[in-house]
Amino acid sequence: MVARFATPLVLLVLIVGVFFAVDSSFILRVAALVFIYGLAAIGLNILVGDCGQVSLGHAGFLGIGAYATAVLPAQTGLHPLLAMVVGVVAAGLLALLVGRPVLRLRGHALAVATLGLGILVAMVITNEAWLTGGPDGMRVERLTLFGWRVRGADNWYWITAGVLLLGALVACSIKASPTGRALRAVHDSEVAAMVAGIDVARYKTLAFVISAVYAGVAGGLLALYDGFVTPDVAGFLNSIELITMVVLGGMGSVLGAVVGATILTALPQLLTAFSEYEHMVLGLIMMVVMIVLRAGIVPSLLALVGRGGRA
Amino acid sequence: MSALAAEGVGIDFGGVRAVDNVSFTTAEHGVTAIIGPNGAGKTTLFNMLSGVYRPGRGRVRLFGEDVTGEPPHRLAARGLSRTFQNLQIFFQMTALENVMVGNHLGERHNVWRHLLPLPGVFAEEKAARQAARKELQHVGLADVADRPASSLAYGMLKRLEIARALVAKPRVLLLDEPAAGCNATETEALSALIRRLAGEGLAIVLVEHDMAMVMSLSDRVVVLDQGRVIADGAPEAVRADPAVRAAYLGVEV
Ligand SMILES: Nc1ncnc2c1ncn2[C@@H]1O[C@H](COP(=O)(O)OP(=O)(O)OP(=O)(O)O)[C@@H](O)[C@H]1O
Ligand SMILES: [Mg+2]
């Protein structure tokens, strides 16, 4: 029972704490961005950390969620929230469709195939300019809920925080369930998992679909929050950032995914004091963290604390 | 009806006939041993019987049904399980969790129910944990249930694989060198366990180099050499077979 609620509770405390500790709409806006990317990273971590399958094209699913939320209201007058739901379903369906053939691959082949999937989505978004505005991007209709126009840093902070908490709770529930155990079994030994009765291809695809749905939701939120989308959201760099969040924060750790998202999203904003050196500093931090905390920040620190506690 | 039957099973690896035209059947319960020198093809045969490899030639039958080429998870659902010579442990899990994975087919797998912290799922988990604990007791690993599998000794891991296979309540169990890495006491306990399981109606196929164990446990011994069956019969008859003695040149059979 504890396993399912501990991480969401920690996140809740942090979210409430940050809100009352800071008095800057800039920081609240950065935090909302952290929550959105944290959500995507939590989903990707189920695929990468739990199931052990890499995806280097995951921003493609982010792009599908974001552009569905942008394009459908503009073209058909659909409510942005419904448009987002369509985008999430589309992301899940695409993952379901390509999951089986792609996830038969392993290691580098899988990395390249997923990379290709991401590039494909980004190219479609860039090329269908009549629909998407092409490389320049497009405006997103403002979100209105029951006549209330959602705006302001406070509101976006709480909306994105709420979705993040829900995403964390679902992820923790999956991990503590037989499904989560089956995913980890596939990660550790596919042959032993099969012999135990686990349909390995099915569970890999399941993890892929779950992670795509998380990315789709994050993409939709991103579009609504920014009020503007560009093809970069689906781009290669964004995919690499997502996987970096997962590895840096800690494979298989829900909290780690959020920590990773915080570092990659917030740090560049806070490091602007270093101006042109900001990316160098970020790169340096990434290298040092991986060398010192090999299992990622959260799992490594937990292991240290655990050892200290027992000693 | 036989539990497991191989009919002219064979496979090649790059022109090498690793297993060639192997036929044998096992009784519905009891111990059938498959022995043979290193590289004889015993593990390869197991891989074909358990669906890990698709046989290049021949058929495999499970309780009379043709299951040739069926993937391992389907064969598991039909009641076949196995252990591995080269350990296949879930090393990022505890010993207990390893056994719980073995119970996969006994669990409800409606993914939607696993998306939220439902009390029902929690109760099922508790039951699964208890079943796994009991199985660990049977192989003498109750004390290390909550230790990470990566911290266990080799002999313990061999028994952990057996517990993981048994928790699924298989009808046919393939054991690939279960006594490897076990000391005399552990081997004795293992023999007792296998004898009990066979008595309870399980069909066990045993690959083992410990001849004393094979001879004392088996109802039937099949001898492989260079991928072919060179003898098949009761333990005493096989032991006296000149072809077997030649294959094991210098080794006491
Ligand atoms: N995947 C593979 N690819 C190529 N050759 C293989 C493969 N698996 C087994 N072989 C070869 O097939 C032959 C039989 O090997 P196998 O492992 O089945 O023997 P074994 O009887 O289990 O031996 P041991 O007693 O040492 O475990 C060997 O020559 C081995 O090198
Ligand atoms: Mg072998």
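- Taking both residues in full, the closest heavy atoms of D176(B) and T83(B) are given as N-OG1, 3.3 Å, listed atom of the first, atom of the second, then distance.
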Could you give me the CA-CA distance, side-chain angles and deciding distance for M156(B) and V144(B), then say whether side-chain contact (heavy atoms from CB on, under 4.5 Å) is met?
CA-CA 9 Å; M156(B) 288 180 164; V144(B) 298; 4.3 Å; yes

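- Only the side chain of V52(B) comes within contact range of chain A, with heavy atoms under 4.5 Å apart.
- Considering every non-hydrogen atom in both P178(B) and V207(B), the closest pair reads CD-O, 3.5 Å.
- Of the two parts of A171(A), neither the backbone nor the side chain holds a non-hydrogen atom closer than 4.5 Å to a non-hydrogen atom of chain B.
- Heavy-atom pairs under 4.5 Å with chain A peak, among P72(B), A76(B), A165(B), at P72(B).
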Would V98(A) and F208(A) count as a side-chain contact (heavy atoms from CB on, under 4.5 Å) if you check the C-alpha gap in whole Å, the side-chain angles of each, and the deciding distance to 0.1 Å?
CA-CA 9 Å; V98(A) 302; F208(A) 199 49; 3.8 Å; yes

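- Proximity to chain A involves both the backbone and the side chain of Q92(B), based on heavy atoms less than 4.5 angstrom apart.
- Minimum heavy-atom separation, V298(A) to S253(A): CG1-OG, 3.4 Å.
- Interface check for chain B: of the options H187(A), K175(A), R181(A), the most heavy-atom pairs under 4.5 Å are formed by R181(A).
- For the pair S81(B) (side chain) and P170(B) (backbone), a donor-acceptor distance under 3.5 Å is absent.
- Comparing Q88(B), E97(B), H104(B) by how many heavy-atom pairs each has under 4.5 Å with chain A, the most go to H104(B).
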Between I89(B) and F84(B), does a side-chain contact (heavy atoms from CB on, under 4.5 Å) hold up when you go through it step by step?
CA-CA 9 Å; I89(B) 297 287; F84(B) 297 88; over 6 Å; no

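- Your options are R82(B), M100(B), E124(B), K126(B), and the one with the most heavy-atom pairs under 4.5 Å with chain A is M100(B).
- In this structure, chain A has a heavy atom under 4.5 Å from the side chain of R164(B), while its backbone stays farther away.
- Ranked by non-hydrogen atom pairs under 4.5 Å with chain B, the options L206(A), D199(A), T179(A), I210(A) are led by D199(A).
- For a residue to count as touching a neighbouring chain, one of its non-hydrogen atoms must lie under 4.5 Å from one of that chain's; by this rule E107(B) touches chain A with the side chain only.
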